[in-house]
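For reference, the structure discussed in these notes is given below.
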Amino acid sequence: NYANIGSIKKNRGDIDSAMYYYKLSMECNKRAGSTTGIGLCHTYFGEIAEIQGNYTKAIQEYRKAYDTLAVAGDDWHTLEPLLASARLNLECNNVEWAKGLIEIAYERATSIQSLEHQVEALRIKALIAEAEGNTPEALTCTKEANMLNDSILTQDKLMEMQKMRINYEHERSSKDLAVLQGKYEYEREHKLMYLVMGLMAL
């Protein structure tokens with residue numbers, strides 16, 4: 001909950017408050033012995049440092065996050081600090097470091113079939129190739145990223161269509177149920193009325 005509040009504060013631009021709540025989250029995770037929680041907090045600290053323009057500290061925090069989450073065996077959450085570290089190293093002209101990190105990130109994203117992370121990894125790979133003057137590689141990576149992104153959008157549209165169909169079926173079932181309920185109430189009231197009239201006649 002502290003981490004969620006911190007994220008809200010960060011998204012609203014209240015960086016100091018965000019850091020305050022992230023630190024509270026870190027304290028709770030340490031008391032709970034949650035390795036994943038501790039690793040995530042280092043990722044949050046890295047994001048704050050990056051927003052503040054302190055790239056050296058951001059890279060350090062992302063490295064701590066990766067090391068901690070790797071120990072926890074959490075492949076999914078290791079991708080965020082990996083991708084962020086690759087991006088920042090590239091911005092700091094540490095191209096070789098960026099290349100090494102992005103290869104690990106892309107391989108891991110592919111192994112766990114995370115299309116969103118694959119797209120981001122490919123786009124960073126394209127930027128690295130461009131920085132090295134390898135235009136054909138940059139274009140290839142960009143094309144692959146766009147194709148994967150289109151696939152994600154297609155899946156999202158299919159899910160939305162399925163959701164709409166389910167809602168339609170649910171609404172239709174609710175209407176049918178309401179009609180049946182109305183008929184039942186009508187018949188029940190008439191049976192009751194005939195019963196009362198019969199009793200009065202007796």
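Values below: all heavy atoms of this structure, side chains included; hydrogens, waters and symmetry mates excluded.
For the atom pair Asp75 CG and Glu107 CD, the distance stands at 10.5 Å (nearest 0.5 Å). With rounding to the nearest 0.5 angstrom, the CG atom of Leu79 is 11.0 Å from the OG1 atom of Thr43. How far CG of Leu148 is from NZ of Lys143: 12.5 Å, rounded to the nearest 0.5 Å. Here the OG-CG distance, from Ser85 to Leu90, works out to 12.5 Å after rounding to the nearest 0.5 Å.
Using a 30° and 60° split on the angle between ring planes, Trp76 and His117 fall in the perpendicular class, above 60°.
Atom CG of Asn4 sits in a crowded spot, with more than 12 heavy atoms from other residues, nucleotides or ligands closer than 6.0 Å. Within a 6.0 Å sphere centred on NZ of Lys99, other residues, nucleotides and ligands contribute 12 heavy atoms or fewer.
A donor-acceptor pair under 3.5 Å is formed between the side chain of Ser7 and the backbone N or O of Ala3.
A salt bridge between Glu61 and Lys57 is present, with a side-chain N of the basic residue lying under 4.0 Å from a carboxylate O of the acidic one. Salt-bridge annotation for Lys125 and Glu120: absent, with no side-chain N of the basic residue lying under 4.0 Å from a carboxylate O of the acidic one. By the 4.0 Å N-to-carboxylate-O rule, Arg63 lies close enough to Asp67 to be salt-bridged with it.
Legend: residues meeting side chain to side chain donor-acceptor pair (under 3.5 Å) with Glu91, ordered by chain and number and at least two apart, are Tyr55.
The hydrophobic cluster containing Tyr66 does not contain Leu88, counting ILVMFWY residues as joined when their side-chain heavy atoms lie under 4.5 angstrom apart, directly or transitively.
In summary, the side chains of Arg123 and Thr142 do not present any donor paired with an acceptor at a separation below 3.5 Å, with no hydrogens or angles considered.
Shown are Glu47, His42, Glu50, Arg87; of these, the side chain to side chain donor-acceptor pair (under 3.5 Å) with Tyr62 is made only by Glu50.
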